[in-house]
**Q** 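I'd like to ask you about the structure that follows.
Values reported hereafter were calculated over all heavy atoms of this structure, with side chains retained and with hydrogens, waters and symmetry mates removed. Predicted model, so just to flag it, every value in this text is computed and none were measured.
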Amino acid sequence: MRDIMGSLGMLLLAVCRTAYCWGLFIMSWFMIHTVYTNIRTMLQSHMNERGTIIGSVTMAIYAIVFDVTWWMFVRQKPALKRWAIAANLICVLFFFPNAVIYWNWRGFLRAELGLWVVILIGIFGIIIFSIPYHGWRRDQSDEVARATSRAS
């Protein structure tokens, strides 16, 4: 019974990690579209505001981190955990660069509390990527190999 619950837990963890990484990938494409739209608008209107430039650069950096996280997941690289935790910290501290440049800490906290759903997603992501995970498929294939060797 314990093995069944353990393999079910690993399967659930794999599903959560998969959905999470694909969600980051989709969110990064929305960010890239936003950056493209901001840059196109600035070039067409000839109004280069400092806030728009900094916001676009920040979103581009966030999108790159999210895409690298997705790429590490797709290629099953061992650096996935570090990139995923970095992406989740971005979700938790989304407005931190603006707080350092423009706002005081009250403005930062007010803006962060407006995105409480994103903060919860970031905390959930930190939790699921902090759990040691070696792949549920490899564990099952090892069990199948052991069972067939016992039967022989």
**Q** Measure across N88 and G125 and return the closest heavy-atom pair with its distance rounded to 0.1 Å.
**A** ND2-C, 3.1 Å

**Q** To the nearest 0.5 Å, how far apart are CE in M31 and CD1 in I64?
**A**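 The distance works out to 11.5 Å.
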
**Q** When the ring centroid of F25 is compared with that of W22, is the distance short of 6.0 Å?
**A** yes

**Q** Is there a donor-acceptor pair closer than 3.5 Å between any side-chain N or O of T69 and the backbone N or O of W83?
**A**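 At least one qualifying donor-acceptor pair exists.
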
**Q** So, for L80 and M72, which heavy atoms are closest and what is the spacing to 0.1 Å?
**A**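 In this case the closest contact between L80 and M72 is CA-CB, 3.9 Å.
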
**Q** Side chains of I90 and F66: does their closest heavy-atom pair fall under 4.5 Å?
**A** yes

**Q** Find out if a path of hydrophobic residues (ILVMFWY) with successive side-chain heavy-atom gaps under 4.5 Å connects I26 to I32.
**A**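 Each belongs to a different hydrophobic cluster.
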
**Q** Work out which heavy atom in I126 is nearest to a heavy atom in L89; give both atom names and the distance.
**A**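 In terms of heavy atoms, the two residues are closest at CD1-CD2, 3.9 Å.
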
**Q** Quick check: is M42 connected to Y36 through a chain of hydrophobic side chains (ILVMFWY, heavy atoms under 4.5 Å apart)?
**A** no

**Q** I'd like to check T18 versus F73 (side-chain heavy atoms, cut-off strictly below 4.5 Å). Are they in contact?
**A**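 The answer is yes; the side chains approach within 4.5 Å.
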
**Q** Can you tell if the side chain of C16 reaches within under 4.5 Å of the side chain of F129, non-hydrogen atoms only?
**A** no

**Q** Closest heavy-atom contact between I85 and S130?
**A**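 In this case the closest contact between I85 and S130 is CD1-OG, 4.1 Å.
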
**Q** Which heavy atom of M59 sits nearest a heavy atom of T34, and at what distance?
**A** SD-CG2, 3.9 Å

**Q** With clusters defined by side-chain heavy atoms of hydrophobic residues (ILVMFWY) lying less than 4.5 Å apart, directly or transitively, does M27 cluster with L120?
**A**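 Looking at the clustering, M27 is in the same group as L120.
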
**Q** Hey, any chance I123 and L12 share a hydrophobic cluster, counting ILVMFWY side chains that come within less than 4.5 Å of each other, even indirectly?
**A** no

**Q** Side chain of Y62, backbone of V57: donor and acceptor closer than 3.5 Å?
**A** no

**Q** Can you get from I39 to W29 by hopping between Ile, Leu, Val, Met, Phe, Trp and Tyr side chains that sit under 4.5 Å apart?
**A**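 Shared cluster, yes.
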
**Q** Give me the atom names and distance for the closest heavy-atom approach of C91 to G122.
**A** CB-CA, 3.8 Å

